[in-house]
Amino acid sequence: MSAKQRKMLVTSALPYANGSIHIGHMVEYIQTDIWVRFQKMQGHRVHYVCADDAHGTPIMLHAEKMGVTPEVLIEQMSQEHQKDFADFNIAFDNYYSTHSAENRVLAHDIYLKNQQAGHITTRTISQAFDPEKQMFLPDRFIKGQCPKCKTEDQYGDNCEACGATYAPTDLLNPCSVVSGATPTKKESLHYFFQLGHFSDMLEKWIHSGALQKEVQHKLKEWLTEGLQDWDISRDAPYFGFEIPDAPGKYFYVWLDAPVGYMASFKQLCDRSPEINFDNYWQAGSDTELYHFIGKDIVYFHTLFWPAMLTDRCRLSKTNGRICTWFFDGQ
């Protein structure tokens, strides 16, 4: 590699395998594709990977409604998504799925390294439970009033009106999106990622030049409020990866979804001997990692994802280019 040639790994936000690609989605992929083509024309070594985000309760319930297994549903959606991308000449170097052996191995590896480093804890929590469907309700399957600004019809994880984040049990006048029933509360043991352990690292990272000023300001608000433990587990029934040594407990989709970037790249490396996976993700790598995403998933990509990677990739000890991010502004 020449002195001027840069080594770049580029991703777009993973489309959810629960529905079709719409034009708003496509804008993001077209933006990324144009940027990648430009960088390749400059002679840089660039790999553009993506995947379907294939886990979670919505997919499980959608498949049930269609009378198929979740695996059948996500395969159908993958074929549809890839056809749509091909119709728009989006030139991925690899397109994959988060429901893969590679993603399971990598998600387990990241989780276990964080567990061994003391960043995972457990505690019993009270959760929203649908008494008619006899299942715990994920954040996006509860709606109600935002506890901060009181806006109606907001989901159980964050308010689209004021941007507040909260626990589903904090919603006012909640109802189940699945059945319409008023949720009850039921206790369950959950696993948490202690995001606050990474406050100092994240404080330094957000001022490293990796983010736009507007995003820095938003992250500063979250850091000032204090970073809360992140609930990374969900109870069965759930379509996803079971947590190691925790029968009946599954990784929350947002834990293994970003790991899907790595898994897609790993599949590319496995069939391309000239590309070494560890050379892109090990400590001290000169890789420039670019994520093209919308503002609605900034929280996960700029707080949880860098923190999750720290003990696997020694992210805080790498140069500032390992985690550089672009946002599509959608």
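Please read all numbers here as calculations on a predicted model, not as lab measurements.
No side-chain donor from either of Gln267 and Ser100 sits under 3.5 Å from a side-chain acceptor of the other. Defined by atom type and a distance below 3.5 Å, a donor-acceptor pair is missing between the side-chain atoms of Tyr191 and Gln115. Between the side chains of Ser188 and Asp235, at least one donor-acceptor pair of N or O atoms lies under 3.5 Å. Residues Gln212 and Gln216 bring no donor and acceptor atom of their side chains to less than 3.5 Å of each other. A donor-acceptor contact under 3.5 angstrom links the side chains of Gln82 and Ser78, judged on distance only. Side-chain contact, Asn103 with Thr98: no donor N or O sits under 3.5 Å from an acceptor N or O. Asp130 and Ser176 share a side-chain donor-acceptor pair at under 3.5 Å. Between Tyr290 and Glu288, the side chains place a donor N or O and an acceptor N or O closer than 3.5 Å (distance only, hydrogens not considered).
With a 4.5 Å cut-off on side-chain heavy atoms, Tyr250 and Ile243 do not count as touching. Between Thr11 and Phe292 the shortest side-chain heavy-atom distance does not fall below 4.5 Å. Contact check for Ile59 versus Tyr16: side-chain heavy atoms found under the 4.5 Å cut-off. Between Pro168 and Leu137 the shortest side-chain heavy-atom distance does not fall below 4.5 Å.
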Working note: Phe129 + Gln134, criterion side chain to side chain contact (heavy atoms under 4.5 Å, CB included); need CA distance, chi angles, decisive distance, verdict.
CA-CA 7 Å; Phe129 187 79; Gln134 287 295 297; 3.8 Å; yes
Between Asp84 and Met26, does a side chain to side chain contact (heavy atoms under 4.5 Å, CB included) hold up when you go through it step by step?
CA-CA 9 Å; Asp84 289 341; Met26 200 60 73; 4.3 Å; yes
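Rounding to the nearest 0.5 Å places CG of Asp231 at 15.5 Å from CH2 of Trp254. From His47, atom NE2 reaches atom OG of Ser272 across 8.0 Å, with rounding to the nearest 0.5 Å. For the atom pair NE2 of His55 and CD1 of Ile74, the computed distance is 6.0 Å after rounding to the nearest 0.5 Å.
By the 30° and 60° cut-offs, the orientation of the rings of Tyr252 relative to Trp230 is perpendicular. The aromatic rings of Phe193 and Phe198 sit parallel, their planes meeting at an angle under 30°, below the 60° perpendicular limit. Between His25 and His22, the ring planes are parallel. Angles under 30° get that label, and only those over 60° would be called perpendicular. Relative ring orientation between Phe85 and Tyr29 is described as perpendicular, the plane-to-plane angle rising above 60° on a 0-90° scale split at 30° and 60°.
Judged as a ring pair (Phe, Tyr, Trp, His ring centres under 6.0 Å), and not counting sequence neighbours, Tyr155 has no contacts.
When each of Phe92, Phe265, Trp35 is tested with Tyr48 by the rule ring pair (Phe, Tyr, Trp, His ring centres under 6.0 Å), just one qualifies, namely Phe92. Applying the side chain to side chain donor-acceptor pair (under 3.5 Å) test between Gln127 and each of Lys186, Lys185, His190 identifies His190 as the sole match.
Dense packing is recorded around NZ of Lys40, with more than 12 heavy atoms of other residues, nucleotides or ligands lying under 6.0 Å away. Heavy-atom contacts from other residues, nucleotides or ligands closer than 6.0 Å to CG of Asp200 number 12 or fewer.
Taking each heavy atom of Tyr261 and His301 in turn, the nearest pair found is OH-NE2, 2.7 Å.
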